[in-house]
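Please read these numbers as outputs of a predicted model, since none were measured by experiment. Atoms considered below: every heavy atom in the structure, side chains included; atoms not considered: hydrogens, waters and symmetry mates. Naming: A, B, ... by sequence-line order, numbering from 1 per chain.
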Amino acid sequence: MSQRSLAGPDGRRRYPRLVTVSQTSTPNTGADAAPHRYTAALAAELERRWQDRWELEGTFHTPNPSGPLGDPAAVAGRPKLYVMDMFPYPSGAGLHVGHPLGYIGTDVFARYQRMNGYNVLHPLGYDAFGLPAEQYAVQTGQHPRVTTEANIATMRRQLRALGLGHDSRRSVATTDPSFYRWTQWIFLQIFNSWYDPDAGGARPIVELEDAYASGRRATPDGTPWADLTEGQRRGLLDDHRLAYLSDAPVNWCPGLGTVLANEEVTADGRSERGNYPVFKRNLRQWVMRITAYADRLIADLDGLDWPEPIKLMQRNWIGRSVGARVDFPVRTAAGTQTAITVFTTRPDTLFGATYMVLAPEHPMVDDLLPGAWSEDLPASWTGGAPTPVAAVAAYRAAAMAKSEVERGAEGRVKTGVFTGAYATNPVNGALIPVFVADYVLMGYGTGAIMAVPAEDERDWEFAATFGLPHVRTVAPPADWTDGAYTGDGPSINSANNEISLNGLETAAAKAAIIDWLAAKGFGVPTVQYKLRDWLFSRQRYWGEPFPVVYDEYGVRGLPDSMLPVELPEVDDYSPRTFEPDDAESTPESPLARATEWATVTLDLGDGPREYRRETNTMPQWAGSCWYELRYLDPTNENAFVDPEVERYWMGPQAPGDCGGVDLYVGGVEHAVLHLLYARFWHKVLFDLGHVSSSEPFRRLFNQGYIQAYAYTDARGMYVPAEDVVEETDGSFSYEGAPVNREYGKMGKSLKNSVTPDQMCGEYGADTLRLYEMSMGPLDVSRPWDTRAVVGSFRFLQRFWRNVIDEETGLSRVSETPADAQTRAVVARTIDGVARDMANLRFNTAIAKLIECNNYLSRLLADGGALPRETAEAMILMVAPLAPHVGEELWSRIGHTATLTFVPFPQADPALLVADTVTCVLQVGGKVRDRVEVPADSTEESLRELALSAPKVVAALAGREVRTVVVRAPKLVNVVPA
RNA sequence: GCGGGAGUGGCGGAAUUGGCAGACGCGCCAGACUUAGGAUCUGGUGUCUUCGGACGUGGGGGUUCAAGUCCCCCCUCCCGCACCA
C-alpha cells in the first residue's frame with residue numbers, strides 16, 4: 001500500500017514491480033499509478049482530511065429552532081427533514097459491511113436533501129442496554145458500562161470513517177443516566193395514567209382519583225371512596241394504571257434466567273434469543289396495558305407511509321376479531337347454576353353448536369367434573385379412566401408433558417376428553433357435552449368455545465374423532481361435497497320460538513342473533529384481540545431500574561426529583577440461570593442481591609420511611625421506545641424534549657397528518673416488536689400532551705440485507721470464504737478439496753465476514769459507499785461480492801481523471817461553455833438522478849452518473865474540454881454518494897467552502913426536450929427499423945414514413961395493411977391483414 | 001394450512017401509463033500499454049443461426065396492433081403467522 005512511483009532519468013515514470021506477500025488483486029496500490037491518480041492511498045488521505053474538517057467546522061451540527069442547540073436564524077425559512085436510522089446495539093464483534101447499508105442510504109438521502117435546502121436532522125445513537133454486554137461482564141467481571149463504552153467508541157470510529165454526516169452532539173446512548181433518567185420519567189408518566197375509554201385516550205391517574213373521591217365515578221362495588229382503606233384505594237387505582245403489576249402467567253425462561261414478552265417467544269415455545277424452552281408461570285411482573293391502544297394502533301396505520309407488509313404484520317399481530325361473548329348455562333358438580341362464557345366470531349352458527357370445549361387450564365374445569373360417569377361412554381370420551389376427575393387429570397398431565405414442538409409434530413390431531421358435564425345451548429335449549437381439549441387455548445378469548453363442526457374445520461375434525469353430530473346452519477354452495485363449510489351463506493336450521501335466522505345472509509344473521517342474545521342477557525357483542533398486554537419486567541442487571549418503591553400497601557412511583565434511579569454497583573451481574581427445562585425454578589434478579597440498594601429510606605412527602613426498591617429492570621425495548629424524541633433535544637435537563645423543538649421536528653405538517661420522523665430506515669425484523677412498542681409509548685405521550693405528533697414514524701423504509709456465501713468442507717466446518725476457488729465446472733473448492741456453498745448471513749463464525757475497515761483500506765470509504773448503493777434497490781437483499789467492488793472504484797477513478805490531470809494534479813476544468821449536446825446529456829442526468837435520489841433509488845442514480853461520466857470520458861478523449869458548468873454539476877451530483885471525492889474535487893476546482901449546502905443542480909427544462917427522437921417502426925408488433933425523426937413529427941407524417949420505409953415494405957412482403965397504429969413520435973406499428 | 005412478496009443473461013440488477021427487453025456494474029473474450037499484468041485504457045459480450053433471420057423475462061393459456069408489465073391456471077423460492085374459535 002505504500003509503494004511510490006519512481007521517476008526515471010528521462011523524467012518518464014518507471015514503475016517498479018514491487019510484489020509483496022500481502023499484495024492481492026487490488027488495482028489500487030498506487031505502485032503503477034500516475035502521481036495524481038485516484039488511488040486507495042489518496043482516498044485514505046483525503047477522506048481523513050475531510051472528516052476532520054467536517055468535525056472541526058461542525059458541518060453536520062443541525063440547528064434547533066430554540067434551546068441549547070437553537071439557532072433561530074439558521075432555521076428560518078428552511079423546510080425541515082428528520083431522517084433517522086434504527087440505532088445499533090454496540091456489539092463487541094465490530095461491524096461487517098452489511099451493517100452500514102441503511103446508514104449509508106440515509107446519509108446519501110440526508111446529504112441530497114441538505115443540498116435541496118432542507119434543515120436535515122440526521123442523528124445516530126446507541127441502543128446499549130442488553131444481554132451481550134451483561135453476559136460479557138458475567139464472564140470477565142468487567143462492568144458492562146466499561147465494555148459498552150469501549151464498543152461504542154469502536155463503532156463511532158468505524159462509522160466516522162464511512163463519512164456519515166451525523167450530528168455528533170445528538171449521539172445519545174440509552175445507557176447514559178442523562179438518557180435513562182427520561183426513560184424512567186416516561187415510565188412514571190405511563191404508570192401515573194389510566195386509559196379513559198370515554199376520552200379514547202390516556203389521562204392522569206389523579207383525574208380518576210378525583211372522580212372517585214368526588215363521587216362522580218362510583219367504585220366497582222359502590223363503596224364510597226371515603227370508606228375505602230388506603231390499601232383498597234391504591235389497589236383500585238393500580239387496577240387502572242397503564243403500567244401495572246400482574247400475577248398473570250408469564251413466559252419464564254429458566255435457561256436465560258428471565259421472563260420474556262410474548263413477542264420474544266417463538267411459535268414453538270422457545271426463547272427467540274438462545275432458543276431455550278419457555279414455560280408459563282404465574283409471577284408478579286410489570287405489564288404495560290398496550291391492549292387499551294389496540295384499536296388505535298390498528299386504525300392509525302392507515303395514515304402511515306409504511307410498507308404494506310409491515311402494516312399487515314402489525315394488524316395480524318394485534319389480531320382484532322369482532323364477535324360476541326355467549327353464556328352457555330351449566331350446573332357444576334356441586335349443583336351450582338353457572339355458565340360457560342365463550343367467544344365466537346360466528347354467533348350466526350349458534351344453532352349448530354353441538355358440543356363445547358374448555359382449554360385444559362380453564363379454571364372452571366375442576367368445578368364441572370362429576371364424581372362418576374353418568375352413562376356408558378366410548379373409551380375415546382373417557383380416555384379409559386374410571387372417573388371424569390381421573391380422565392381430566394391424565395389428559396392434562398399428557399398435555400403438559402408435550403412440548404409445543406411435539407404438538408406441532410403430531411400434525412394437529414385432535415385430542416381431548418369428556419368432562420362428564422353438559423351445558424345448555426341458549427338458543428335451542430339443547431344439552432351439549434363439554435370436553436377438555438388442547439386445541440382450545442387458554443390465552444385467547446375466554447379459553448372456552450362452542451363447537452360448530454359444520455362450520456369450523458377444527459371442530460369438524462374433533463367431532464369426527466369423537467363421534468359427535470353436526471348440524472349445518474349455513475347453506476354451503478351447491479357443489480359442496482363434505483366437511484366444514486367456513487364461508488358465508490344464507491342461514492338454515494336456525495330458528496327457535498322467538499327468532500329465526502333462516503334465509504339471512506351471514507352478516508345480517510350475526511347482527512340479528514347478537515341483538516337477540518343481548519336482549520335475553522345471553523351474550524354481548526365483543527371485540528377480541530390476539531395482542532396481550534406487554535410484559536415489561538426482566539430479571540437482568542444491565543437495564544433501566546424501575547423508578548418505583550414498595551411499601552406495605554404496594555407500589556409507589558418516585559417523584560421526578562429522585563430521577564434517575566441509577567444502577568448500583570454489584571459483585572455479580574448474572575441473573576440466576578437454571579437448567580433450561582427446570583420449569584419449577586423461580587426468577588432471581590441480580591439487583592435483589594444488592595441488598596444495601598434494594599432497601600432505601602426516602603421521604604415521599606409523608607416523612608422519611610423505609611421502602612423496598614423494584615429489583616427487576618426494564619426490557620431492552622424501553623430506550624428504543626422514545627429515542628427519536630431525545631435526539632431532538634439531547635441536552636435538555638428540564639424535559640425529555642422541549643415542546644417547541646418537538647413541534648418543529650415532528651409536528652403534523654398539515655391537518656390530519658400524524659406527524660413524526662420523516663424517514664425511518666431499518667430492518668424488517670422490528671416489524672412488530674420495536675415498532676409496536678414505540679408507537680404505543682408515543683401515543684401515551686401524545687394523549688398526555690407531551691408531544692404534538694400522534695405517531696413516532698410517519699414514513700418507514702425497510703432496507704434489505706447484505707447476504708453472503710459461506711462454504712463448508714466435508715466435515716461441515718466453515719472454511720474462509722475469501723480463499724475458496726470457483727472451478728471451471730461451477731463447483732467450489734478450498735485448498736483443492738471440494739466444499740459446499742450456502743447462502744445467508746455474513747458473520748465471523750461463518751468465516752465469510754468482510755469488514756468496512758478492509759474495504760476502506762483497499763479502496764476507500766467513497767468506493768464502499770458507492771458500491772453498497774449501486775448493488776441494487778435499498779429495500780432488496782443481495783449477495784456481497786468483493787470482486788465487484790472494483791467497478792465502483794473504477795468509476796471514481798475515471799471521474800477523478802476527467803476533473804484532475806493525473807500528471808500534474810491540476811484541474812482540467814475549462815471556462816469555455818459546454819456545447820449543446822453536452823448540456824443536454826448533463827440535463828438529462830440531473831433530471832434522472834434527482835428523481836432517483838428523492839425516491840431512494842440510488843442504484844439507478846449511480847448508473848446514470850456512470851453513463852454521463854462515460855460520455856464525458858469520450859468527449860475528453862476526443863480532445864474536448866470539461867466545461868466548468870458540467871464539472872460542477874457532476875461533482876455536486878456525485879457528492880451525496882461519495883462525499884469525500886465530491887468535497888475534494890469541489891475545492892480543487894476553486895471553491896473554498898464545503899459543498900454540503902450548495903444547491904443540488906437543476907435541470908433546465910428546455911434542455912430536456914430533444915429536437916429529434918428515435919422512432920421505432922414495427923410490423924405486426926415486431927421491430928423492423930429505427931429512424932431519427934423530429935420530435936414534433938405528426939402522426940400522418942410518421943405513417944407515411946413507415947409505409948414507405950424499405951424494411952417495412954420488405955417485412956410486409958406484399959401483404960395488405962390492415963391498420964397502422966401511430967404513437968407519435970416514438971412508435972409506428974404497421975399491422976398486416 | 002393461511003397471509004404477503006418475488007421469479008429477467010454466467011452474476012448483481014435496469015426497463016413512466018402496456019410501446020425498442022437486458023441500462024449500469026461484475027465476470028468473460030479480444031486488443032493497447034508492458035520484461036510482465038492480477039494495474040490502467042479501448043472494444044465486444046442474451047441464446048440459436050443456413051447470417052436472411054428465428055427465439056427469448058419460471059411453465060401453460062388468454063386479452064391486445066403491441067405483454068417482463070394486464071387477466072386465468074400451475075410450478076418454485078423467500079418472508080410473516082400458525083389450532084386465535
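A:Ser774 comes within 4.0 angstrom of no nucleic acid atom, judged by non-hydrogen atoms across all strands. Using a 4.0 Å heavy-atom distance criterion, A:Ile850 is classed as a sugar-phosphate-only contact. Heavy atoms of A:Asn973 sit under 4.0 angstrom from at least one base atom. Using a 4.0 Å heavy-atom cutoff across all strands shown, A:Asn843 reaches sugar-phosphate atoms only and no base atom. A:Ala847 comes within 4.0 angstrom of a base, heavy atoms only. Among the atoms of the strands shown, none is found under 4.0 Å from any heavy atom of A:Glu308. Residue A:Val440 is in base contact, counting any heavy-atom pair closer than 4.0 Å across all strands shown. Here A:Thr344 lies in heavy-atom contact (under 4.0 Å) with sugar-phosphate atoms only.
Base orientation of B:G9: syn (glycosidic angle within 90° of 0). Its glycosidic angle being more than 90° from 0, B:G80 falls on the anti side.
Taking only side-chain atoms of A:Val927, from C-beta outward, the nucleotide of B:C26, B:C20, B:A85 with the closest atom is B:C20. The side chain of A:Met313 approaches B:G80 more closely than any other nucleotide in the set B:G80, B:C26, B:C20. Taking only side-chain atoms of A:Val975, from C-beta outward, the nucleotide of B:C20, B:C65, B:A85 with the closest atom is B:C65. For A:Gln922, counting side-chain heavy atoms from C-beta on, the closest listed nucleotide (B:C20, B:C81, B:C83) is B:C20. Residue A:Leu312 places its side chain closer to B:G4 than to any other of B:G27, B:G4, B:A85. Listed candidates were B:C41, B:G19, B:A14. Nearest to the side chain of A:Arg801 is B:C41.
A:Tyr355 places its OH atom 16 Å from the P atom of B:A85, with the value rounded to the nearest Å. As a whole-Å value, the separation of A:Tyr38 OH from B:U40 P is 14 Å. Distance, A:Asn802 CG to B:U40 C1': 14 Å, rounded to whole Å. Computed from coordinates, the A:Glu457 CD to B:A85 P distance equals 13 Å when rounded to whole Å. In this structure, A:Lys311 atom NZ and B:G5 atom P are separated by 14 Å, rounded to whole Å.
In terms of phosphate contacts, A:Thr844 brings no side-chain nitrogen or oxygen within less than 4.0 Å of OP1 or OP2 of B:G13. Between A:Arg787 and B:C11 there is no side-chain polar atom (N or O) within less than 4.0 angstrom of OP1 or OP2. At the phosphate of B:C24, neither OP1 nor OP2 sits under 4.0 Å from any side-chain N or O atom of A:Asn854. Side-chain N/O atoms of A:Arg841 include one lying less than 4.0 angstrom from OP1 or OP2 on B:A15. A close approach under 4.0 Å does not occur between any side-chain nitrogen or oxygen of A:Arg782 and OP1 or OP2 of B:A6. Within the 4.0 Å cut-off from OP1 or OP2 of B:C65, not a single side-chain nitrogen or oxygen of A:Arg962 is found.
Ionic pairing of A:Arg835 and A:Asp831 is present here: one or more N-O contacts between side-chain nitrogen and carboxylate oxygen are shorter than 4.0 angstrom. Using a 4.0 Å cut-off between a side-chain N of Lys or Arg and a carboxylate O of Asp or Glu, A:Glu308 and A:Lys311 qualify as a salt bridge.
Interatomic distance, A:Ile846 CD1 to A:Met837 CE, rounded to the nearest 0.5 Å: 7.5 Å. A distance of 9.5 Å separates CG in A:Asn316 from CD1 in A:Ile298, rounded to the nearest 0.5 Å. Between the CG atom of A:Asn425 and the CE atom of A:Met450 there is a distance of 8.0 Å, given to the nearest 0.5 Å. The line from NZ of A:Lys510 to OG1 of A:Thr344 is 8.0 Å long, rounded to the nearest 0.5 Å.
On a pure distance criterion of 3.5 Å, a polar donor-acceptor pair joins the side chain of A:Lys414 and the base of B:C83. Side-chain to base pairing of A:Arg967 with B:G19: one donor and one acceptor N or O lie within less than 3.5 Å of each other. In terms of polar N and O atoms assigned as donor or acceptor, the side chain of A:Arg930 comes within less than 3.5 Å of the base of B:C20 in a complementary pairing.
A donor atom on one side chain and an acceptor atom on the other are not found under 3.5 Å apart for A:Asn752 and A:Tyr711.
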- [ ] Starting at the 5' end of nucleotides 42-56 of chain B, put B wherever the base has a protein heavy atom under 4.0 Å, S where only the sugar-phosphate does, and a dash everywhere else.
- [x] ------------SS-
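With a cut-off of 3.5 Å on both pairing distances, the Watson-Crick or G-U wobble partner of B:G19 is B:C65. Taking a pair to require two hydrogen-bonding distances under 3.5 Å in either a Watson-Crick or a G-U wobble arrangement, B:C81 pairs with B:G1. Summarising the base pairing, B:G31 is matched to B:C41 through a Watson-Crick or G-U wobble pair whose two defining distances lie under 3.5 Å. Using Watson-Crick or G-U wobble geometry with both donor-acceptor distances under 3.5 Å, B:G12 finds its partner in B:C24. Pair assignment for B:U57 gives none, since no Watson-Crick or G-U wobble pairing has each distance under 3.5 Å.
By the 6.0 Å and 45° rule, A:Lys414 does not stack over the aromatic ring of A:Phe462.
Aromatic ring centres of A:Tyr485 and A:Trp460: separated by at least 6.0 Å.
Between the side chain of A:Arg801 and the main chain of A:Ser857, no donor-acceptor pair closer than 3.5 Å is present.
Each of A:Val780 and A:Ser792 was matched to the nucleotide of RNA chain B holding its nearest heavy atom; the match closer to the 5' end belongs to A:Val780.
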